[in-house]
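Scroll down for the structure; my scribbles are underneath it.
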Number of protein chains: 2
Amino acid sequence: MTDAAIRPKKPATAERPPVADAAEATEPRLDTASVTDMLLGTWAETRRYAREMIKDERFWKIEGQSMAEHRERVLGQLRLLVEHGASRRAFPEEYGGLNDNGANLAGFMELVLADPSMQIKSGVQWGLFGSAIYQLGTEKHHDAWLRDVISLELPGAFAMTEMGHGSDVAAIGTTATYDPETEEFVIHTPFRGAWKDFLGNAALHGQAATVFAQLITGGVNYGVHCFFVPIRDASGRMLPGVRSEDDGVKGGLNGIDNGRLAFDHVRVPRFNLLDRYGQVAADGGYTSDIPSPGRRFFTMLGALVQGRVSLDGAATTASALALHIATTYANQRRQFDRGAGTDEVVLLDYGKHQRRLLPRLAQTYAQFFSNDELLQKFDEVFSGRGDTPEAREDLETLAAALKPLSTWNALDTIQECREACGGAGFMAENRLTSLRADLDIYVTFEGDNNVLLQLVGKRLLADFAQQFKGADAGKLAGFAARQAADRIFHGAGLRQLGQSVADFGSTARSVELGLRAEQQHELLAGRVQQMVADLAARLRPASKASPEESAAIVNACQADLIEAARAHGQLLQWEAFTDAVNRAPDEGTGRVLTWLRDLFGLSLIERHLSWYLINGRLSTQRAAAVSRYIDRLCLRLRPHAQDLVDAFGFEPEHVRAPIALGGEQARQDEARTYYADLAASGEAPVSEKSLRKK
Amino acid sequence: MTDAAIRPKKPATAERPPVADAAEATEPRLDTASVTDMLLGTWAETRRYAREMIKDERFWKIEGQSMAEHRERVLGQLRLLVEHGASRRAFPEEYGGLNDNGANLAGFMELVLADPSMQIKSGVQWGLFGSAIYQLGTEKHHDAWLRDVISLELPGAFAMTEMGHGSDVAAIGTTATYDPETEEFVIHTPFRGAWKDFLGNAALHGQAATVFAQLITGGVNYGVHCFFVPIRDASGRMLPGVRSEDDGVKGGLNGIDNGRLAFDHVRVPRFNLLDRYGQVAADGGYTSDIPSPGRRFFTMLGALVQGRVSLDGAATTASALALHIATTYANQRRQFDRGAGTDEVVLLDYGKHQRRLLPRLAQTYAQFFSNDELLQKFDEVFSGRGDTPEAREDLETLAAALKPLSTWNALDTIQECREACGGAGFMAENRLTSLRADLDIYVTFEGDNNVLLQLVGKRLLADFAQQFKGADAGKLAGFAARQAADRIFHGAGLRQLGQSVADFGSTARSVELGLRAEQQHELLAGRVQQMVADLAARLRPASKASPEESAAIVNACQADLIEAARAHGQLLQWEAFTDAVNRAPDEGTGRVLTWLRDLFGLSLIERHLSWYLINGRLSTQRAAAVSRYIDRLCLRLRPHAQDLVDAFGFEPEHVRAPIALGGEQARQDEARTYYADLAASGEAPVSEKSLRKK
């Protein structure tokens, strides 16, 4: 009975068994090939090329390799990427590039399947070091260095973070003081906390670094700018005044030579200031098209948004791989029978196991679709097709909202998959522990997740304030009062949702009707709106308070600000998923994807159920129905689980985990054959229990 | 201002600054030395001995060591443990032991601070392999092997789990068929899935194994029994018929040589059946004091409960270490100022950072106290002082309830600590990633956490049913109806808690009054009771249904059964914490610990807030107050955070993480001195912003 629930890998319509009854006749089926196309998204072709490329085992991570060997292997992999033309996509044609920003990131995201160290080291070389030269430099810099960056003739580090300052880049301690006598910048590390740290390529392979430092000229600090600083000669010797330390073993990504750099009055020519957004003349005069120091700083940092975009995609790909492994295993592995004589139960037939894997599968689908939207937005801005300050700001906010959600989800999903595979999940050969260890740092690098969500929260508050711009204070106060009233008389909230006592009945139909797409959207969007409005009301006194009181008020709201931003990101994911469902190629696929989207939406609502109750957005009866509905959706989706993970389109060379490549099924089959043969032979021992019954 | 919030490491009353005002005069202080005593619990002396012992750096894990080297090092550490007399505590005096079960586990738990691989490998040797001989064997077996087990002359594996069967031990495939001709048992692995797997000491060092197999004699299968089977000679060569494979690299614990074992008709003397609970006579006749095969099986498994008890403690110690590291760092590390001219803010002064660390600190305190109760119970039963079937069952349920909570919490806490330390947290030298990787497997070995919680849930259901034993069906139905009524008319639930409209006011005082110890207990205990009652009602139809329908009903309840068990475990932890608070040595300590206990209780209530709302146990107003109250508790506890982690009593040789040993403070001080000197010199560059204002 349980076997019937597992779909054959490639459902061929001609071979399907005759329809047994009406229920089965109307049961939808997923067109996995079409769904693969949907998941691969706008740059599917590049992704397929990348996946084909990394079938070559020279790209695969070797578990248990020593750090030194792993670092050399990954350096070699970067050279292979150059050979395959995978390093040039983002760069301009005149330097051998393809000027295709979306494709570049799409291809990059897939590398996580081979070895996350290779993904991140190539990200350091071409996405950070190379991008800083390209995005923050001007033509003379491109001419000087981009060809060698693309070809890996010039490996480099991206020296922004310091031991003492990570998220607060504006406060870094490294200085670049202009000397008009020699027309040089003096790069200097004034104290230990100003050492650049955690830099890929810094410990061994980097020959130069794009160094962020406080630009000082004529006794004035013009804030953080980026400088091209050679650090090693081609033979690997440190250049005078430059010091390097090795970060040593890390929690993951040990194929990357992370390290520290310090500069003792190192002189570089004036030429080496990457001067797209700020220039220093020979006499030391400073000029910039962006007069505001704050806006200039954020413009420079914003030019490097692609790291966040690509991590969002890579984390999603990694989550999908983990789900593919754990779901495939859960469809083969058996544990416990349901009483004498029955067969052992396949893991995925357990209610709890479904609850563990299927909502995370829904989440991961949502991320594929929202990442593709993010990637489109990124490509629009960076191709120049839609490059406005507003579009850039939107892109940055979108990336800052999505990257935290998908990277945290990757850790949560991979861990749940590891546990769902038991001891086998802990074996490195099955990849889950290794994948999790490598992705751990994704949640705090390229923008610490909590810091990013605060940025999003502030943007939401600014947008909210914008609504009231020009309105008098009374309007704002009135709005705040209505919000408060909603909470006290939360019947009002219920009515707004069009719920009536009549549909409080417990029949399945009315419950589902009340939690469909429109209501899900209303609940998710309403939560963001109200959280932001509540925060605005709580923060209003801060503007009139003393600096200390003001800081205390803001600080008291910090956790809630982050929650509002998270809710916003979840809403964006839900909307992207819903748009995708509406593009489903056939009715069956559409129905299964709708269930999965519903599971995603309802899981979000379940997670924040107390908020909906406290704020009168859901009645207790309806709230109780949410979990029951999720249970039903899990049951409905269970027969499609294998199709849904097969639709990720991974091939054995991407999966590589023995437990997901048929080994478990073979063992199960062998054991069952053994017992069947033994029973048939008549030589099977009788059980003590059956003996005692006689 | 922020600095004043950090307590000096050793508060000396004589040196305290003069009391500034009434508020400060009444501010409580924690007596850290007394709290250390409380945390170390009943076997504090043994714990202190173990902590002193592992200050020897030969016990410390070396990050990045190769698997082969790490395995040899850990074997050497086990020999050191023997030298220190740490391997004998649990065993009887006649074999050189101390017969001190509680002390044995208390000491074992501390080893996690040195290297979790050493902890677990010693657990394999003395807690599993040795325990199986001691607990499942009889005097003749003790005489034959225990001395060599204690001295490590005889390293062994514990061969229970198979590739095809982990949690479902009763269904293992290995057979032990008695041959009366030769008076031998034939140990056999009939198919690949019956290979013993994931066994420490199996890949390299084990010379024997305690092998669990289906005992077959006279054509009858008497179920799973344990056999002593030699596997290697002293030179490391496999014995005839025994095969071994290496599990290779794992997600953690790579200092242990986990591997697989298979037996091809391997003959062992009749003597080698560990026959405390079941005996085979020379002629093949089977006898046992426990007639029920089911009860016999669970009695044998129950004899091995100590693994779960000790993992609960080790996970707690590991969580404490992570919190010590992250909290100390958060009290030194600064990030972002609060506006021009102000100093940068210490991490732990951020509201979100407090929310991340302090509730986990409260959880860890709760675990110390509940683990000590568990350990007392364990010692009572295993010393024979209180060894009754009921006490054994209670002990097993308690262990099954607590081990999942503390091991999952360890992963969650260590991860949050790692993220709270940013990039520095990802460096292996700071220990958090390594500790997490090693503890990962704790959540699925020695009983998969979800499976253990199901056992607890079933026990709760059985106890619930016991209440109605002898009562007619009408009574049960009536109870169920009242439960349902509570949910529909949840005003009744509110009244039961003595809440009235009068105390719905929003003043802080009434809110706190309504969420103090008594109410916390009522809410936590009431939730367990109602969840169990609800489950009983939902499961009742299963007893009269067909096997298939019955299985479907049980399956639909699986996730909720696990949740009920989790709630039960949390209640036990809360009660243990509250008992400890009542033992506080002075008023100040008592007040701080009460806040911490409140934070624990309210965090649990916050986590399940929607349940309390749906079930009418909390009004929406009171529910909204829970989170605000937690915020206030965090603010109150913040000045005591360093004291609370110092009270864990770790010394630098236990901490070893550079970020928690003063390095960060030194860097901060150096940077601040640099800027102060620069400002004093008059040579500091002016900022562009200040220039523009002129």
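Just so we're on the same page: letters track the sequence lines, and every chain starts at 1.
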For a quick test of reading the model, state the closest non-hydrogen atom pair linking [X] to [Y] and the distance between them.
X: Lys352(B); Y: Gln558(A); result: N-OE1, 2.8 Å
X: Thr433(B); Y: Asp440(A); result: CG2-OD2, 3.8 Å
X: Glu344(A); Y: Asp168(B); result: OE2-OD2, 3.8 Å

Structural part of [X] lying under 4.5 Å from a heavy atom of chain B:
X: Tyr612(A); answer: neither
X: Ala424(A); answer: both
X: Ser167(A); answer: both
X: Asp448(A); answer: side chain
X: Asn258(A); answer: neither
X: Leu678(A); answer: neither
X: Trp195(A); answer: neither
X: Glu69(A); answer: neither
X: Gln354(A); answer: neither

Region of [X] in contact with chain A, defined by heavy-atom distances below 4.5 Å:
X: Tyr350(B); value: both
X: Asp560(B); value: side chain
X: Met427(B); value: both
X: Ala194(B); value: neither
X: Ala437(B); value: backbone
X: Leu411(B); value: side chain

Flag the one option from [options] with the top tally of heavy-atom pairs under 4.5 Å to chain B.
options: Cys557(A), Gly166(A), Gly219(A), Gly64(A); answer: Gly219(A)
options: Ser627(A), Gly173(A), Pro291(A); answer: Pro291(A)
options: Thr217(A), Ile216(A), Asn450(A); answer: Asn450(A)
options: Asp197(A), Leu609(A), Val554(A), Leu432(A); answer: Leu609(A)
options: Gln454(A), Gln668(A), Arg356(A), His353(A); answer: Arg356(A)
options: Arg192(A), Gln214(A), Arg333(A); answer: Arg333(A)

Largest heavy-atom contact set with chain A, pairs under 4.5 Å, which of Glu63(B), Gln335(B), Arg355(B), Met67(B):
Gln335(B)
Among Gln65(B), Met163(B), Lys250(B), Arg418(B), which residue has the highest count of heavy-atom pairs closer than 4.5 Å to chain A?
Arg418(B)
Checking Tyr442(A) now: which residues fulfil ring pair (Phe, Tyr, Trp, His ring centres under 6.0 Å) with it, not counting sequence neighbours?
Phe445(A)
Hey, does the side chain of [X] reach the backbone of [Y] with a donor-acceptor pair shorter than 3.5 angstrom?
X: Glu670(A); Y: Phe191(B); answer: no
X: Asn221(B); Y: Ser687(A); answer: no
X: Asp631(B); Y: Ala556(A); answer: no

Going by the side-chain contact (heavy atoms from CB on, under 4.5 Å) test, name the single residue among Ile441(A), Val443(A), Thr444(A) that passes it with Phe426(B).
Ile441(A)
Spacing of [X] atom [atom1] and [Y] atom [atom2] [to the nearest 0.5 Å]:
X: Ser610(B); Y: Leu618(A); atom1: OG; atom2: CG; result: 10.5 Å
X: Leu613(A); Y: Ile614(B); atom1: CG; atom2: CD1; result: 5.5 Å
X: Trp408(B); Y: Gln415(A); atom1: CH2; atom2: CD; result: 10.5 Å

I'd like to know if the side chain of Glu419(B) pairs up with that of Asn449(A) as donor and acceptor (distance under 3.5 Å, no hydrogens or angles considered).
no
Do NZ/NE/NH1/NH2 and the carboxylate oxygens of Glu688(A) and Arg296(B) come within less than 4.0 Å?
yes
Residue pairs meeting salt bridge (charged side-chain N to carboxylate O under 4.0 Å, His left out), one or both in residues 423-438 of chain B, sequence neighbours left out, come to Lys61(B)-Asp438(B)
